[in-house]
Amino acid sequence: MPVGPSYLTEVPVELVENILFYLHPCEIAQCRILCSGLKSIVDTSIELQLRIELGIDGFLLNSLPLIPAREMLALVLERRTRFQQGDHVSKYRLETQFHGQYEISNGVFAYGINPKSSDVFSGIKYVPLTSEIFREKGTREKLEFTDLGVDLTDFSFSVDDDLQVLVEKADTEARTRTIYFRTISTNEPHPLAGLPQLVLELDDFDLGAQCYTLLSHDHLSIGLYNWDVVGHECAHIIYNWRTAEHILPYSLVCDAHFLNKELVALLINQSDFVGISLLNLTDGRTVQKFSLPFRKPVRSCLFMAGTPKRHRTQTKKEPFRCLTQDPKVQIIGIAMTPVSGNGIEHDVHVVISASHLLSKLDNVQVPSEHMEWEDWGPQATRWFGFDDVSQASLSGSRLLGKSRPRITDEVWRGEQLLIFDFNMRALRRHASSATAKEGSSFRAFRTYTGDSELLDAGRSGIDIVSSLSCVATTININALGYSEFLLEDHVIIGEAVGFRIRRLFVLSEYERIKSWSDPTMLTPERTEASQM
């Protein structure tokens with residue numbers, strides 16, 4: 001079939017560049033192979049190169065940067081290089097009494113203070129995870145409430161809505177638990193809340209011992225857990241805090257993960273169904289169920305997830321606020337313990353491509369009872385066994401996991417921190433680039449492509465095939481001494497517990513690796529990452 005002439009390259013270069021700017025980064029890169037004229041435009045445009053480099057890191061431009069594109073591109077490449085070079089680690093000891101409960105939301109870190117017991121605290125401190133590139137020493141903002149007037153067991157927050165959700169200790173005499181919706185700035189009842197507080201009648205629930213919340217946009221997930229039962233029992237409520245509507249009444253659901261403003265994924269672990277159910281947040285309707293490859297309920301299962309990212313107003317000191325995670329490469333994670341036949345059970349972790357999962361909805365006219373595992377699972381997931389990953393956390397297209405000690409080629413390898421990137425653009429860039437430079441702490445650990453089989457998953461007797469591609473890289477941080485890790489965009493948060501000392505460390509994935517305790521950034525201890 002003859003191909004006619006293309007007149008696009010006869011259009012002024014500035015206009016073509018402006019048109020290409022609105023394409024997805026993958027589409028911009030594909031334009032390079034159409035003709036030499038478009039290749040030249042893409043390769044010489046700083047704005048288009050910025051979009052491509054952000055796409056490799058799993059981000060899109062949510063708005064135009066306030067700084068020139070050339071400066072923004074330099075910052076994007078700089079924070080990537082800083083991580084690959086593996087700089088020093090700075091230790092900061094927490095000066096305020098730290099309860100142990102902490103939350104991260106859209107670049108802001110908050111933790112409980114003034115503990116009254118092992119389960120109860122009365123204050124919260126908020127600290128933004130400000131980029132080191134722009135922050136001067138001693139300039140980190142903070143907001144601290146030493147006494148909120150409530151005995152807390154949990155909290156969630158959204159700085160963008162000036163909202164803090166405070167979960168009060170259960171009133172054992174009245175058999176109630178109260179959840180307050182207050183402003184962060186003044187600790188007053190939130191003016192946009194449908195009700196200033198939500199009272200849970202514990203007599204209406206089978207589970208009331210522990211309550212955890214997850215906030216996303218207009219909706220709050222309330223999880224009720226009984227950890228004393230083998231395998232734990234759990235139930236959830238989905239509540240619209242603006243309209244005071246119950247989108248999901250009390251239901252036996254293991255966990256909930258908000259995919260976006262319209263959909264929430266529910267993790268179901270029952271005798272007749274083990275899998276994921278997608279719920280429409282507008283009308284509470286079940287959109288579709290996706291089964292997992294287990295014939296009977298697993299011992300336990302939880303999502304590895306945080307809240308969806310929201311657009312925040314950028315400033316010249318915070319240009320990265322113009323970025324948003326690319327939904328095409330976002331992942332969902334599940335940690336589960338299958339039931340074995342011999343009493344020996346091992347954890348397994350499964351990573352699911354959110355776009356693969358949602359693409360299955362395009363062909364669904366009427367939701368079936370559930371979609372079988374073979375019809376969606378193998379091509380949309382990657383499974384990791386007990387010996388591959390532990391203590392995993394995820395954000396965007398990346399999974400942070402700790403590898404277990406093992407002997408490789410008769411060499412003992414201790415615990416390592418691994419970052420698994422499921423963004424195919426990063427995977428291709430890694431495959432086409434040279435091996436990590438000498439002295440770099442960023443090294444390829446393993447590349448996962450094609451089908452792989454997890455034999456006897458978690459001692460369940462089930463072999464699972466999966467084929468979602470990713471590349472795993474190591475970070476030169478000794479994982480020993482850290483009890484927990486969390487990943488939030490380009491920041492790794494590690495909790496270290498020492499003798500009579502509890503500390504938190506912020507270890508930046510892209511920026512200069514660092515840590516902190518008090519926002520005033522007082523004199524830090526400098527130490528090599530390899531010594532931690």
| side-chain contact (heavy atoms from CB on, under 4.5 Å) partners of S185, counting only residues at least two apart | D162, T183
| task | Assess the side chains of T473 and D421: does a donor N or O sit below 3.5 Å from an acceptor N or O? | result | no
| Has the side chain of T286 got a donor or acceptor atom that lies under 3.5 Å from a matching backbone atom of L279? | no
| request: Can you sort out the partners of D326 under salt bridge (Lys or Arg N to Asp or Glu O under 4.0 Å), two or more places apart, ordered by chain and number? | output: R425
| task | Could you tell me which residues satisfy side-chain contact (heavy atoms from CB on, under 4.5 Å) with A380, sequence neighbours excluded, listed by chain and number? | result | H356, W376
| message | Before we go on, tell me: are the rings of F384 and Y448 under 6.0 Å apart, centre to centre? | response | yes
| request: Identify, with sequence neighbours excluded, every residue that meets side-chain hydrogen bond (donor to acceptor under 3.5 Å, both in side chains) alongside S45. | output: E17
| note | Hits for side-chain contact (heavy atoms from CB on, under 4.5 Å) against I462, two or more places apart or cross-chain, chain-then-number order -> F294, R295, S460, I464
| query | Of all residues at least two apart in sequence or in a different chain, which pass the side-chain hydrogen bond (donor to acceptor under 3.5 Å, both in side chains) check with S355? | reply | S353
| field | Side chain proximity check, I334 to M304, heavy atoms < 4.5 angstrom | value | no
| Heavy atoms, side chains only, cut-off 4.5 Å: are V165 and W241 in contact? | no
| query | Listed by chain and number, what are the salt bridge (Lys or Arg N to Asp or Glu O under 4.0 Å) partners of D451, not counting sequence neighbours? | reply | none
| remark: Across all chains, not counting sequence neighbours, the side-chain contact (heavy atoms from CB on, under 4.5 Å) partners of D375 are M371, E372
| task | May I ask you to decide if S397's main-chain N or O and N423's side chain share a donor-acceptor pair within less than 3.5 Å? | result | no
| task | For the pair D388 and R382, find out whether any cationic side-chain nitrogen is under 4.0 Å from an anionic carboxylate oxygen. | result | no
| field | Residues in side-chain hydrogen bond (donor to acceptor under 3.5 Å, both in side chains) contact with T449, at least two apart in sequence or another chain | value | none
| said: Suppose we screen for salt bridge (Lys or Arg N to Asp or Glu O under 4.0 Å). Which residues come up paired with D43, at least two apart in sequence or across chains? | reply: R32, K39
| With W383 via side-chain hydrogen bond (donor to acceptor under 3.5 Å, both in side chains) - residues at least two apart | T381
| query | Going by atom types alone, do S395 and Q325 pair a side-chain donor with an acceptor below 3.5 Å? | reply | yes
| request: Starting from the C-alpha separation in whole Å, work towards a yes-or-no answer on side-chain hydrogen bond (donor to acceptor under 3.5 Å, both in side chains) for S156 and Q164. | output: CA-CA 6 Å; S156 295; Q164 54 184 351; over 6 Å; no
| field | With sequence neighbours excluded, residues passing ring-ring contact (aromatic ring centres under 6.0 Å, His included) with F157 | value | Y126
| query | Which residue, F155, F109, Y111, forms the ring-ring contact (aromatic ring centres under 6.0 Å, His included) with Y102? | reply | F109
